[in-house]
Amino acid sequence: MTHRTRSTALYVPLRKPLSLLIHGLLVAGMTTVPLQALAQQAPDTQASVQQLDSVVVTGTYSRSLEQAVDLKRDNIGFSDSIVATDVADFPEQNLAEALQRMPGVTIERNKGLGSRVNVRGLPSDYTHVSINDLATASGSGGREVEFDIFASEIIQQVTVQKSPTAADEEGGIAGSVKISTARPFDYSTRQLVASFEGAYNSISEETDPKIAFLASDTWGDWGALVSISSAKRTNRTDATSGINFRPMSRFLGASGVRGSQAEAVIERDTGRQIGNRANTDESNLIVFQDKVGDRVFLNEQDKWGATASLQFKPSRDFSLTFDALVGGYDSTEDEYDAAAYSASSRSTLETIHEYDDTTLAQHGILVLRDVSYTATQHEFLSKERINETDFRQYSAALDWRGDSWSIDALLGYSGARKSLDYANLKHVAYAPSRTRWNGNSGETIPSASSAGFDMYASPERYLFEAYETTREQISDDKYAAQVNLRKTLDLAFLPALRDVQFGARHTDKSKEREYGEAKIGGPSAGNNSWVNTRTLADSQLRPIADIVPGGAYRARDLDWQMASNAYARDTFRYAGFSTPFDDAQYYRVDETTTALYAMANLGFDLGRVPVTINGGARYIDTSVTSFGYHPVQNPDGSTGYTDTPVSMDGDYSDVLPSLNLTAELADGLLLRAAASETLIRPAMTDIAYKRTASWSSYRFTDGNPALEPTYADQWEVGLEKYLSNGGLLAASYFRKKIDGVVINALTGVVADVPVYNANGTLNGIYDFDVYQPVNAAGAYEVDGVELIAQLPLTMLHPVFEGFGINANYTMLDSSLAGESDLGIQTPMPGLAEKTWNLTAYYENPRFDARVSYNHKSEYVESIGYNMYPIYRDAYGQLDVSIGVRLADNLKLSLKGINLTDEATTGYTMDPSFPTMYELSGRRISLGLRADF
């Protein structure tokens, strides 16, 4: 039973199960042991927290692991951390790739680069991200954070909090990623660090520079720190992809000769008899290859980040701090495609050379493996994506601790601006062809028909279709104010109650998105003289091996000629051209949240077992106002949009209880348990109140600002053994019950909508169905096991001095099956059931070496046409780092990423039907670091 309310009343009762659990444990803790024993043996929670305020970077990997273990042990809940030496010294290209080493954390890779973070197998937008206690603005259109915009060198510490306390800002069902930048009083002495690196990509054959610099010093009560990092990256990916299933309804459902010919060819060449070719229940079980493409991606990044911190700290009990984090992330991705689209509207089946009716027989699916088509659409596409992201964050923090009271307060701003300029120069040629699967993916070859041609060497056959452009701008602004108060208690009648903490947080968030598309068809506005007249041969062409650095195409033994994106931009964008924004795609969402919380920390003994408990509840009240344009149809038959955006409000409130418990069963052996209710707020695109209309099907599709969050009731229990030499052995089991997942559904009807014909006459008055995102009824569960082993091997024998292992393993399961319209059961999309990391290291005062392997099991990436599960194959990557200290303050490092040159691959339903084969190459870097 849920007790959520949409009123503004302050009091909202707790959910009964969690309420009773918390109440029962608190009562047990206050009544089961003698009060005198509680007072004597309760741990000083406040002092424990204070010890974590300063993290000293010593420059060794093993020391950074020990610091991370200390953070894990002293945290009241389940968490894992990495500190500065760990991040800066790992052979990583960005912060996302550093985080993948942590238990339960996986990343989404895009062309060989880590981009977004998944915690415990849940989608990236299920994770809450903050920097210096400020929720992070994002240049994405949703709430997820693109981690590749952050340079890892400017980060001091990252903690993934997996079980929240009431004091933690809400917003992460999967967990919260808490990022901290450095402050001057983190260091006991003056710091001056500079590093330089050159990185080589084996496919692009380019060497890119990276520099980083940090300076920090204190003068009595004052301290200042600045850091800056700048890097260029040139990554090339060669790929064959896009070879997914397409249902034969594409052909069989066509009217006239096209449909009847397809029916005759299937019956003739496969023996499969078609009962009713218009019946999709039948035609969806016959599949063919959709599109086969050879693609080259060149991604050029220019990334910089800087931090500044000014601290006034007259004593250990008082500090004022100003933090600033600024950065920029500019990337240009060039994509060059030579592709064949089998499902062309002009084509049908000619000959089925090979078919497979056994591999997927349990689903009744017939796969056409090798087919000749009458009029395949061959495409040469030159695509350009220019992204520019600017990030700014500023905050002021106050910390004061008295004899019994302590206060910390925060006032801050986080903002991001992102612009996207996209273009696609498209030439097409229609001709018979033959498409089939090969070893790694698929291929298209000339048809046996006399009208066939070599698709890679016939530029004169490709006619100009369009120069397509899109433009997008996103702005995200977040303002926050927070105050926390802690009261230390020494109650004779209740000695177990060590302290109480309460506080408030207010946030204002606004995200605005503008988007537009345009097509150029000729040398001036409104001119379409190039369409179907100009050929690819009329453009300046160069071999693909010359357009992108690195030479020959690696995925297959191919070369072809293309028009470069630089040439296309200069040639096809006429003077004064600009892509206009489309009112239909505009939205702005304003969101205001007020949160109040209270929690208590208790410490007592159960017999000889010291126990600490943190219990509390967080009340939240959120108001949403969303703006978007709505379509209108004019009496003359034309369509348009309202003159100004239309707004709609929404609000919700709830109480989120939480409980964390730690018991030291023996020296260094901790039993940890946690239970809480958490939430994620709806995606911005779902609550954006914009409307699209289908005038022919009498349907409106709206955003829904009245959406409520997706909630999770979760609990976890684990054992952790802390070893005397900084080692750790840990195991935990967790379960999350998630409800309120957002789906699209019919929500209402708009009555009496006039619909006009193109000539302005009234077609009729109709009732329009309204479809919106809604919170679905029911729930699903995700559970899993995490194992951690961090072992300095000197514990086995002194001969292993300097050697060590850092390993973790996560296994997940979900009750949510993939939503296949064919009834095919799949795991939850995006859920990798098994992930593991293993790092073996050696270090002495002059030399260090690490070998790291990261593995992610196969998972369902998506479900094609809502019918055919598309899998991403298991992926493992080997990275190596070697460092030599040339002098006490000078270190030379050699690092390698993806040393075994692994390919990214995938398939549809069965590995014998591959869908992608991507090669992003190795990356080797040589760096020099100086400490003064």
Side-chain angles (χ1 to χ4, degrees), residues 111-112 200-208 232-242 292-302 331-341 377-386 421-429 431 443-446 453-469 520-523 530-574 577 917-921:
K111 313 299 183 302
Y200 172 81
N201 179 267
S202 64
I203 295 186
S204 71
E205 299 181 355
E206 293 283 300
T207 301
D208 301 311
K232 293 184 180 293
R233 285 289 182 263
T234 306
N235 290 287
R236 174 175 156 183
T237 298
D238 292 0
T240 60
S241 57
V292 178
D294 293 284
R295 298 175 169 87
V296 175
F297 300 87
L298 180 67
N299 187 281
E300 297 176 296
Q301 303 174 5
D302 191 349
S331 70
T332 299
E333 183 177 82
D334 294 309
E335 177 184 347
Y336 298 101
D337 293 4
Y341 181 46
Q377 177 178 308
H378 301 82
E379 303 173 341
F380 269 36
L381 310 174
S382 298
K383 300 179 181 180
E384 181 184 45
R385 300 175 181 89
I386 300 176
D421 183 356
Y422 167 81
N424 177 21
L425 175 61
K426 185 176 183 180
H427 289 80
V428 299
E443 63 178 352
T444 298
I445 60 176
F453 77 116
D454 183 349
M455 63 173 286
Y456 298 95
S458 307
E460 72 284 350
R461 295 284 299 270
Y462 288 83
L463 297 177
F464 175 90
E465 182 171 289
Y467 182 76
E468 303 169 339
T469 69
I520 295 175
W530 289 339
V531 177
N532 293 327
T533 59
R534 182 185 175 105
T535 72
L536 182 62
D538 294 326
S539 292
Q540 182 185 94
L541 303 180
R542 296 165 57 196
I544 194 69
D546 293 341
I547 293 179
V548 296
Y553 181 57
R554 310 292 178 89
R556 293 204 290 154
D557 185 16
L558 282 174
D559 196 8
W560 65 95
Q561 292 195 330
M562 299 284 295
S564 72
N565 283 316
Y567 168 84
R569 178 174 285 269
D570 292 341
T571 303
F572 295 99
R573 296 198 182 205
Y574 50 80
F577 171 79
Y917 179 74
E918 289 186 355
L919 292 169
S920 296

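Numbers here simply count residues along the sequence, with the first being 1.
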Do Arg573 and Thr469 touch side chain to side chain, with heavy atoms closer than 4.5 Å? yes
Once rounded to the nearest 0.5 Å, what's the spacing between atom CD1 of Ile386 and atom CG of Asp421? 5.0 Å
Once rounded to the nearest 0.5 Å, what's the spacing between atom CG of Leu298 and atom CD1 of Ile203? 11.0 Å
Who are the side chain to side chain donor-acceptor pair (under 3.5 Å) partners of Ser539, not counting sequence neighbours? Arg534
Any side-chain heavy atom of Ser920 sitting closer than 4.5 Å to one from Asn235? no
Between Ala431 and Arg461, which heavy-atom pair has the shortest distance, and what is it? CB-NH2, 3.8 Å
Ignoring hydrogens and geometry beyond distance, is a side-chain donor-acceptor pair present between Ser241 and Arg295 at under 3.5 Å? yes
Point-to-point distance, once rounded to the nearest 0.5 Å, from CG of Asp538 to NE2 of His427: 7.5 Å
Side chains of Ile544 and Met562: closer than 4.5 Å at any heavy-atom pair? yes
Looking only at atom types and distance, does a side-chain atom of Ser204 sit under 3.5 Å from a main-chain N or O of Thr234, one as donor and one as acceptor? yes
Show the nearest heavy-atom pair for residues Glu465 and Val531, with the distance to one decimal. O-CG2, 3.8 Å
Point-to-point distance, once rounded to the nearest 0.5 Å, from CD of Gln561 to CD1 of Ile547: 8.5 Å
Would you say the side-chain atoms of Thr237 pair up with the backbone N or O of Phe297, donor to acceptor, closer than 3.5 Å? no
Heavy-atom nearest pair, Arg236 first then Pro549, reads NH1-O, 3.0 Å
When you measure from the side chain of Asn565 to the backbone of Lys383, do you find a donor-acceptor pair of N or O atoms at a distance under 3.5 Å? yes
Short side-chain to backbone donor-acceptor contact, Tyr553 and Ala239, under 3.5 Å: yes
Closest non-hydrogen atoms of Gly522 and Tyr574, given as atom of the first, atom of the second and distance, are O-CD2, 3.9 Å
Taking the side chain as C-beta and beyond, is there a heavy-atom pair between Phe464 and Asn532 under 4.5 Å? no
Ring centre gap for Tyr467 and Trp530 strictly below 6.0 Å: no
Using a strict cut-off of less than 4.0 Å between a Lys/Arg side-chain nitrogen and an Asp/Glu carboxylate oxygen, indicate whether Glu205 and Arg554 qualify as a salt bridge. yes
With a sphere of 6.0 Å drawn around NZ of Lys232, does it hold more than 12 non-hydrogen atoms of other residues, nucleotides or ligands? no
Taking it one step at a time, do Tyr567 and Leu425 satisfy side chain to side chain contact (heavy atoms under 4.5 Å, CB included)? CA-CA 10 Å; Tyr567 168 84; Leu425 175 61; 5.6 Å; no
Mind running side chain to side chain contact (heavy atoms under 4.5 Å, CB included) on Asp334 and Val548 for me, showing each step along the way? CA-CA 9 Å; Asp334 294 309; Val548 296; 5.5 Å; no
Report the residue from Tyr456, Trp560, Tyr336 that forms a side-chain hydrogen bond (donor to acceptor under 3.5 Å, both in side chains) with Asp294. Tyr456
Grab the two heavy atoms, one from Ala340 and one from Thr444, that are nearest each other, plus how far apart they are. CB-OG1, 3.3 Å
Might you confirm whether atom CG of Asp557 has over 12 heavy atoms from other residues, nucleotides or ligands at distances under 6.0 Å? no
If I compare all heavy atoms of Ala555 with all of Thr240, which pair ends up nearest, and what's the gap? CB-CG2, 4.1 Å
Say you draw a straight line from CG of Asn299 to CZ of Arg233; how long is it, rounded to the nearest 0.5 Å? 11.5 Å
Distance in Å, Glu300 CD paired with Glu333 CD, rounded so as to fall on 0.5 Å steps: 10.5 Å
